[in-house]
Amino acid sequence: MTVERTSAPTAPSQPLEQQVRDHPERFRVLTGDRPTGPLHLGHYFGTLANRVRLQRAGVEVFLVIADYQVITDRDGVGDLSASVREVVLDYLAAGIDPARATIFTHSAVPALNQLVVPFLSLVTVAELGRNPTVKAEADATRARRGMSGLLFTYPVHQAADILFCHGNLVPVGRDQLPHLELTRLIARRFNETYAAGTTVFREPDALLSAAPVLLGTDGTKMSKSRANAIALGDDEDRTAALLRKAKTDSQRTITYDPEHRPEVASLLLTAALCTGRSPIDIADELGDRGAVALKALVTEAVNEHLRPLRQRRRELAGDSTIVRHVLDEGNARANRIADQTLQTVREVMHMAY
Ligand code: TRP
């Protein structure tokens with residue numbers, strides 16, 4: 001785990017990770033996922049395992065299931081409520097404790113969404129247009145159709161996700177850093193512009209995951225829509241079948257060489273993350289036994305590592321009320337907090353009529 005601030009440190013110089021260890025009660029984590037279907041190994045090692053770790057360290061965790069983000073860039077979103085259910089099951093199976101964490105959906109928290117209106121007044125179109133993630137997504141969609149207003153402004157929406165509950169620690173991947181920078185800018189500008197320089201919103205910090213990015217089994221970015229991802233909830237046979245088809249290369253000797261042999265390296269890394277060993281050790285052990293032995297080893301490692309999670313997930317999925325209950329509680333709690341924040345915002349903006 002490495003920690004990076006998204007800009008010059010404004011607060012104590014003590015590394016963030018150390019502060020979290022010493023004073024978990026000072027932190028509130030807000031992060032989340034787009035509900036596009038079940039979460040996969042990339043989500044797990046990229047962020048989910050880290051959220052569980054933070055929760056166990058005593059940090060309060062808020063997880064937004066960002067249903068309004070799914071409609072930014074897709075023509076058909078599929079069965080959203082089924083996707084939301086899968087994500088909640090993945091969270092719980094991975095160890096998120098709903099008694100301590102707050103799990104909620106965008107669309108169920110009106111006051112959070114209303115914060116987007118004053119926030120939009122604080123950023124320029126040019127600033128939004130410079131956001132590299134928005135730019136990349138715009139390029140990807142442009143071929144098919146124009147960019148929606150919601151896609152263009154979703155980083156502002158994401159700022160509302162973080163600021164409504166005064167989240168101050170945001171564990172994200174590198175691609176999300178520009179959004180966090182914008183959140184910090186909005187917090188600063190809100191305080192200056194509407195709150196006479198008093199601190200209504202504090203600037204959150206990013207907590208960057210050190211976990212390297214895993215490739216999909218076809219060697220491209222891991223993504224559910226490309227059918228190249230091992231879902232946490234997949235069974236052992238499906239996991240084996242996906243890995244058997246995984247792309248490798250024609251060299252018989254297994255070596256850990258992420259630059260020249262990315263597919264083999266990603267498989268080694270997957271096994272390493274699952275077993276706690278180093279990818280180089282695993283490559284040495286495999287030696288010249290080739291891709292078939294590598295895939296068998298990875299399959300065993302993944303299935304072994306996920307066995308307890310999958311067992312829990314099956315039990316949870318058999319309970320017809322648990323997801324409903326977790327979302328009812330999480331949404332109610334998020335609404336209470338969002339209502340309070342919006343009330344403060346109204347007051348400082350002289351709009352409390
Ligand atoms: N955009 C994030 C993703 O695609 C999900 C997300 C929504 C998020 N709101 C957030 C992440 C707020 C961090 C903070 O993964």
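Values below: every heavy atom of this structure, side chains too, minus hydrogens, waters and symmetry copies. One-based numbering, in listed order, for ligands and for the atoms of each.
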Q: Compile the protein residues with any heavy atom at a distance under 4.0 Å from an atom of ligand 1; present them by chain, then by number.
A: Leu30, Thr31, Gly32, Arg34, Val64, Ala66, Gln69, Gln158, Asp161, Ile162, Val170, Val172, Gln176

Q: Working to the nearest 0.5 Å, report the span between CG of Leu92 and CZ of Arg312.
A: 10.0 Å

(Q) To the closest 0.5 Å, what do you measure between CG (Leu122) and CD1 (Ile186)? (A) 6.5 Å

Q. Taking atom NZ of Lys247 and atom OG1 of Thr217, what is their separation to the nearest 0.5 Å?
A. 11.0 Å

Q. Regarding Arg313 and the six-membered ring of Tyr44, is the cationic atom NZ or CZ under 6.0 Å from the ring centre and inside 45° of its axis?
A. no

Q. His157 and Phe119: aromatic ring centres closer than 6.0 Å?
A. no

(Q) Would you call the rings of His106 and Tyr68 parallel, tilted or perpendicular, taking 30° and 60° as the class edges? (A) parallel

